[in-house]
Amino acid sequence: MIALKIGGSSLKNLDSLDQVVRLIQEPAEGKKIVILSALSGVTDHLLKSVAQALQTDRRINGLLDYLQTLHREWIVQAIDSLPIRSKVLDETDYLLSRLEKLLYGIAYTGECTRRTRDLVVSMGERLAAHLLAACLTDRGTPAVGLEADKIGMIATGDFGNGNADLRQTEKKLPQTVVPLVEQGILPVITGFFGATPDNHTITFGRGGTDYSAAVVAAALNCRELQIWKDVDGFLTADPVIVPNAQPLYYLSYDEAAELSYFGAKILHPRTVEPLAWRNIPALIKNTYRPDAPGTRIGVEKRPHDGIIKSVTFNPRIGSLRLEGASIGQQVGFLHRVVSVLSDRDINIISVITSQTAVNLLLEKNDIVTSKAYIEAKQIPYIDNIEPVTDVALVGVVGEGLATTPGLAARVFSAVAESGTNVEMIVSGASQVAQYFIIKEADVVRTIQAIHREFFPVHEPGNGGVES
Ligand code: ASP
Ligand code: MG
């Protein structure tokens with residue numbers, strides 16, 4: 001089997017729907033399974049609906065009308081067969097009536113838990129999966145829309161940021177999906193969410209369909225996962241900053257994971273985990289340029305001559321500096337700090353320590369509240385707590401980076417020559433990535449300088465990095 005992830009950016013209008021149907025129908029070795037996002041813009045619309053319902057019930061009708069019109073229009077225009085059309089219109093109405101009840105519930109109670117919000121936003125994928133399945137059936141490929149939380153996609157963790165339980169999912173999902181495939185029916189599975197063990201819908205965070213698709217591909221032991229987006233795949237840098245950034249044709253799991261986790265907004269950060277777990281190769285492709293080679297991701301490590309494959313940055317990471325003359329000497333100091341934050345569900349991205357300061361790398365959104373929690377605990381030996389938010393994390397990624405002499409020197413001299421001061425270095429935890437902190441204002445010239453150092457000769461549109 002081959003799993004195909006279709007993103008919302010590949011479902012922008014009826015033309016793109018036609019394109020998606022064509023690429024699903026393309027003959028291939030092996031049977032296909034589709035994992036699908038909501039139509040473009042729908043998840044944002046659902047989140048907005050929750051926010052508005054919290055204020056008043058008066059806008060709910062309008063919000064629902066928008067979704068009904070959008071899906072109806074697509075259905076009516078894309079599907080010829082009247083029975084297929086009327087069946088999917090019924091499914092659509094049913095989902096929208098559930099959504100209506102939820103939104104009125106939110107409006108009347110004036111509250112929305114994370115759990116309820118997850119259920120609301122899951123509606124976009126449900127609507128889309130039934131729509132695409134009907135469309136495929138209408139065009140000669142019998143298909144069925146499957147809602148992931150009803151077919152054994154099991155997940156735990158926080159609502160809004162769940163994690164698939166890979167072992168449970170691997171037990172359950174094949175029982176529903178494989179028999180369909182054997183009957184020649186193409187499953188179109190909703191991305192973005194699963195069910196908790198006590199059967200509540202839980203989402204995987206924004207962009208979570210990439211992750212869902214990887215979980216499905218692993219649980220069904222697929223030959224390959226194809227991820228269809230509106231970009232060609234990973235590049236040597238963000239093309240907004242580096243116009244002559246080159247496509248990357250191959251990344252190891254570790255390279256792809258580091259890039260997704262810290263910077264490049266190509267894949268959901270946890271997509272690689274299920275793939276690596278069952279050794280499933282992935283291929284990122286552009287729906288609108290299917291002939292472009294895309295980026296392959298796999299188990300093999302293939303260092304590239306220049307070692308560095310991509311330079312990336314994350315402007316959402318800052319630090320909280322805990323200062324104290326003797327904190328490096330205090331047994332259990334880090335433990336106390338970490339438990340204050342973990343009790344509040346705040347994720348510490350990294351820790352950089354010295355004898356007189358501990359720097360916690362955090363999401364910028366978490367910095368002010370983290371400071372307040374730590375102050376409230378009155379942990380001894382801290383003289384001062386300094387929030388640092390005018391910074392960004394820059395990373396260079398490539399297999400072989402940690403073991404190649406002189407590489408860090410090359411990176412940092414390029415940075416220095418661009419006039420940028422390196423504030424902190426996150427040292428050697430990863431074999432394939434080197435991270436450091438600079439002022440946010442220096443990001444553009446720093447990225448450009450590193451890219452010039454490692455990819456000096458390319459012209460726009462030329463080349464690409466083979467391995
Ligand atoms: N529809 C969800 C979102 O927009 C999930 C996804 O697209 O992957 O975040
Ligand atoms: Mg989306």
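Keep in mind it's a predicted model, so treat the numbers as computed, not measured. Counting convention: from 1, in listed order, for ligands and their atoms alike.
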Near [X], which atoms of ligand 1 are under 4.0 Å from a heavy atom of that residue?
X: Ser37; answer: 6 (C), 7 (O), 8 (O)
X: Arg206; answer: 3 (C), 4 (O), 9 (O)
X: Gly207; answer: 3 (C), 5 (C), 6 (C), 8 (O), 9 (O)

Test: Arg344 cationic atom under 6.0 Å from Tyr373 six-membered ring centre, within 45° of axis: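 Ring-cation test returns yes.
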His268 and ligand 1 - part of the residue with a heavy-atom distance under 4.0 Å: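 For His268, there is no contact with ligand 1 at all, from either part.
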Residue portion contacting ligand 1 (non-hydrogen atoms closer than 4.0 Å) for Thr43: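 Thr43 to ligand 1: side-chain contact only, backbone stays beyond 4.0 Å.
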Gly208 near ligand 1 by a heavy-atom separation under 4.0 Å: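 Gly208 counts as a contact of ligand 1 under the 4.0 Å cut-off.
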For Lys171, all residues meeting side chain to side chain donor-acceptor pair (under 3.5 Å), sequence neighbours excluded: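 For Lys171 there are no side chain to side chain donor-acceptor pair (under 3.5 Å) partners, ignoring immediate neighbours.
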Side-chain ion pair, Glu224 and Lys32, N-O less than 4.0 Å: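 Answer for the salt bridge query: no.
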Whether Phe455 and His304 hold their rings parallel, tilted or perpendicular, with breakpoints at 30° and 60°: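 Ring orientation, 0 to 90° scale: parallel.
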Enclosure of Arg115 CZ (heavy-atom neighbours >12, cutoff 6.0 Å):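 12 or below, so no.
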Throw together a table of side-chain donor-acceptor distances under 3.5 angstrom for residues 139-146, partners on residues two or more places apart or in other chains.
from   : atom 1 : to    : atom 2 : distance (Å)
Arg139 : NH1    : Asp18 : OD1    : 2.9
Arg139 : NH2    : Asp18 : OD1    : 3.3
Arg139 : NH2    : Ala78 : O      : 3.0
Thr141 : OG1    : Gln25 : NE2    : 2.9

Test of proximity, Asp210 against ligand 1: N or O pairs below 3.5 Å: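 So ligand 1 has no N or O lying under 3.5 Å from an N or O of Asp210.
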